[in-house]
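All chains are named by letter (A, B, ...) in the order of the sequence lines, taking the proteins before the strands, and each is independently numbered beginning at 1.
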Number of protein chains: 2
Amino acid sequence: MMVEELDPRKKRILQAIIQEHIISASPIGSRTLAKKYNLDVSPATIRNEMADLEDLGYLEQPHTSAGRIPSDKGYRYYVDQLISRKKNEAPGVIENVENLYQDLQDVQDIISGMAKMLSNMTHYTAMVSEPKSQVSRLKKVEIMQLADNSLLLVLVTDTGMVNNKIINLDQSLSTAKISYLNKFLSEKLENKLLANLDTNYLKEVEKELLAKVDLSVDLFKQFYNEFEGAFEPGGVKVYLGGTSYILEQPEFNDLEKVKKMLKLLDQEEMLNKIINSISGSDLEIKIGQENEVEDIKNCSLVVATYYISERAVGKIGVIGPTRMEYPRVISSVDVISDILSKLISKASG
Amino acid sequence: MMVEELDPRKKRILQAIIQEHIISASPIGSRTLAKKYNLDVSPATIRNEMADLEDLGYLEQPHTSAGRIPSDKGYRYYVDQLISRKKNEAPGVIENVENLYQDLQDVQDIISGMAKMLSNMTHYTAMVSEPKSQVSRLKKVEIMQLADNSLLLVLVTDTGMVNNKIINLDQSLSTAKISYLNKFLSEKLENKLLANLDTNYLKEVEKELLAKVDLSVDLFKQFYNEFEGAFEPGGVKVYLGGTSYILEQPEFNDLEKVKKMLKLLDQEEMLNKIINSISGSDLEIKIGQENEVEDIKNCSLVVATYYISERAVGKIGVIGPTRMEYPRVISSVDVISDILSKLISKASG
DNA sequence: TGTTAGCACTCTCCTTAATCGAGTGCTAAA
DNA sequence: TTTAGCACTCGATTAAGGAGAGTGCTAACA
């Protein structure tokens, strides 16, 4: 899609229409525009310009005798050319939020807390993906005995994610065996990239282990299952915040649309698809049709990447109608993703 | 509220009205009733009976010239007197579900699986509370070292719930100290009722510990926090399934009502209040006004208790409009709560 | 040549009125 | 005690008639 250079007056008019539409959620006419914004020209002139902007694809007309609304292309131009992406939220916000959450040390808690925070700030639905397992290393693996024939397997990654699973056995293991197992597994698995701990590697480890000590095969099968979950590329959990905010948007006045949207947000795979369709850039905006997922082609996404010690690990963002308060949302997402990176880096030590 | 004995014809008519209303979701008139059900009397007679039933409080009239709808009292009579609470679902269901889920060994997975299952069966929103910590014992407490100054605290209850928390310290602990700590904590805390592990007791343990070994006070403060969460009576997590089913109910055709309901289900405390307001009986039904929580006085709850090895630990149930398919829902809740008890007892071994 | 005033025209939204139909309560007869 | 008949009620649906906001076009103007 070509991006023409617009003359200054067209720019001003486009910007005014978009800002007005973001507030009012309805088509904007030439008279309203002339009255509210000091454009120093008459409504008739504005009408001519609006017709031009429509021809260029920046505006749309719901029906002949209505005002104009921005098209996806219009929003794109607005976001790229007409607003400044300044990071400076009201000063103090950063410190406040950081203080508020600084005693959270559980990565999962931090993530869901930030999802809530972001949705509260923006009044749109927030989504945060868990740290990707692909790029994380297994920091700790430990088995502990719960009862005669039940064990607890604990896995901790260097991104701070903790997984645990109860394993029931058909035989009981001696304390000695367990501590041997722990030592063995530590050696073989810890500090390895999760991506490398695939079935092949695990099979090898199993072979080696069984050669050294007499154990039920069952145990290892259960290991597989637990690891598999961490492998699936689309299997990362996505945290939501403020789901009900979408109900406040006038574009979801229709019950059918609400239904569709809520069903969408219920499906974890969908969320994964949505958030993973965002490329690796620092702060990415997808407007309407630009989205790959069919069902959100009338929505916009503002998504940032967050980091653990400079390593890109997850995404945090906001989903709302294309008529979104981009400047405010962008700066909120920016700020919160920074805070998330900071908190999560600290927590995963 | 008095429960009169109704004559057989009134019973039949009340039952017919309720059944018809459950299907159609709209007021039922005398003509419809006479046509669809073989009541062997004319509409006029039915009208007289309906007027009587309204006087007795079993029916209501939305406006003068409409049919009748059941009142809360009417539903109550229906549930108590007019339907049989038989447990026998289509045979085979139990086995199927059990097989489907039998390899789940994680208690949290089982719970959320059963919530989904129940909501799929009933097409209403399902809610399941986690096993109460009050009645559970701490089965295992263990600290493991993740890095120089970060530890992982793992708590496992005999109800199979696993909690973990990362603890960051300002000092590093030697391996010897950690293993001493583990032994000490095991002795002092394991096999105790969680309800008894209150601040007082923990303070004592702390004193004793500090007398024996030189440790940062900080560590124990973090312990408190983790335990506190398990203490709060209202702090049990509630799992939901099929939230979007409420959108399919015609009584939630109004966007405002949907909004209210979804906001309600977003608040964990509310869910706790709702599910905890149900007394300890085996299978309890709350109809409309019978509910204590204001915002669901137009809803009905069907809630059963589930058990771990014969010990009542949690609730599982369904929330929907008062116009609910009680017979089907009751038998579903009954069956699923049994299965949940069985699975969870096995998993927490 | 770009800008503006004026005007006829269009299309949605809101209100009002009219009609339809399901259902009731009452009366009187069987 | 039951039933047929009938006038009446009230919500829901449809139709019609502005009101209002906005446009595009033409012609005049700086």
Side-chain angles (χ1 to χ4, degrees), chain A residues 6-14 16-21 23-71 74 250-251 253-255, chain B residues 6-14 16-21 23-71 74 250-251 253-255:
Chain A
L6 297 177
D7 66 70
R9 195 169 66 189
K10 282 200 174 55
K11 276 191 191 177
R12 272 213 309 279
I13 290 178
L14 179 56
I17 289 177
I18 293 183
Q19 282 177 2
E20 194 60 24
H21 178 66
I23 297 169
S24 72
S26 45
I28 312 300
S30 53
R31 250 182 72 85
T32 330
L33 219 57
K35 244 187 286 178
K36 287 207 182 175
Y37 294 76
N38 299 10
L39 295 170
D40 294 327
V41 283
S42 75
T45 312
I46 296 178
R47 275 203 289 283
N48 289 331
E49 295 286 42
M50 279 160 79
D52 288 353
L53 284 167
E54 187 177 353
D55 286 343
L56 292 168
Y58 294 104
L59 296 178
E60 286 170 5
Q61 218 173 0
H63 46 264
T64 348
S65 75
R68 305 299 207 293
I69 58 172
S71 67
E251 17 277 280
N253 252 339
D254 184 7
L255 210 65
Chain B
L6 298 178
D7 66 70
R9 194 169 66 189
K10 282 201 175 55
K11 276 191 191 177
R12 272 212 309 280
I13 290 178
L14 179 57
I17 290 177
I18 293 183
Q19 283 177 1
E20 194 59 24
H21 179 66
I23 297 170
S24 72
S26 45
I28 311 300
S30 54
R31 251 181 70 84
T32 330
L33 219 56
K35 247 187 283 178
K36 287 208 183 176
Y37 295 76
N38 300 10
L39 296 170
D40 295 326
V41 282
S42 75
T45 312
I46 296 178
R47 276 203 289 283
N48 289 330
E49 294 286 42
M50 279 160 77
D52 288 353
L53 283 168
E54 186 176 354
D55 286 342
L56 293 169
Y58 295 103
L59 295 178
E60 286 170 3
Q61 218 172 1
H63 46 266
T64 347
S65 74
R68 303 301 207 291
I69 57 172
S71 67
E251 18 276 281
N253 252 339
D254 184 9
L255 211 65

## Note on the structure
For DNA chain C, consecutive-pair runs of 3 or more (Watson-Crick or G-U wobble, both H-bond-type distances under 3.5 Å) give C:1-30 with D:1-30
### Task
State, with a plain yes or no, whether a side-chain heavy atom of B:Q19 is found less than 4.5 Å away from one of B:I23.
no
### Task
Measure from CD1 on A:I46 to C1' on C:dG2 and round the result to the nearest Å.
15 Å
### Message
Protein within reach of the bases, or only the backbone? For nucleotides 13-23 of chain C, mark each nucleotide 5' to 3' as B, S or -, using heavy atoms under 4.0 Å.
### Response
----------S
### Message
Within the 4.5 Å heavy-atom criterion, are A:I18 and A:I28 side-chain neighbours or not?
### Response
no
### Task
Under 4.0 Å from any heavy atom of chain B: name the first and the last nucleotide of DNA chain D that qualifies, 5' to 3'.
D:dT2 to D:dG11
### Message
Please enumerate all residues that pass side-chain hydrogen bond (donor to acceptor under 3.5 Å, both in side chains) together with A:E251, with sequence neighbours excluded.
### Response
A:R323
## Note on the structure
DNA chain D nearest-nucleotide lookup for B:A44 and B:P62: closer to the 5′ end is B:A44
### Task
Report the residues that fulfil side chain to side chain contact (heavy atoms under 4.5 Å, CB included) with A:N48, sequence neighbours left out, ordered by chain and then residue number.
none
### Task
Compare all side-chain heavy atoms of A:M50 with those of A:E54 and state whether any distance is below 4.5 angstrom.
no
#### Entry: Check: A:E49 and A:D52 side chains under 4.5 Å, non-hydrogen atoms
yes
### Message
Within the 4.5 Å heavy-atom criterion, are B:I17 and B:Y58 side-chain neighbours or not?
### Response
no
Contacts under 3.5 angstrom, residues 36-44 of chain B side chains, donor-acceptor by atom type, not counting sequence neighbours:
{"from": "B:K36", "atom 1": "NZ", "to": "B:E20", "atom 2": "OE2", "distance (Å)": "3.1"}
{"from": "B:Y37", "atom 1": "OH", "to": "B:E20", "atom 2": "OE1", "distance (Å)": "3.0"}
{"from": "B:S42", "atom 1": "OG", "to": "B:A44", "atom 2": "N", "distance (Å)": "3.4"}
{"from": "B:S42", "atom 1": "OG", "to": "B:T45", "atom 2": "N", "distance (Å)": "3.4"}
{"from": "B:S42", "atom 1": "OG", "to": "B:T45", "atom 2": "OG1", "distance (Å)": "3.2"}

## Note on the structure
Assert: residue with more 5' nearest nucleotide on DNA chain D, out of B:P43 and B:H63, is B:P43
### Nearest atoms (heavy-atom pairs only) where A:S71 meets A:E60
CB-OE2, 3.5 Å
### Task
Could you pull out the closest heavy-atom pair between B:A51 and B:R68, with the gap in Å?
CA-NH2, 3.6 Å
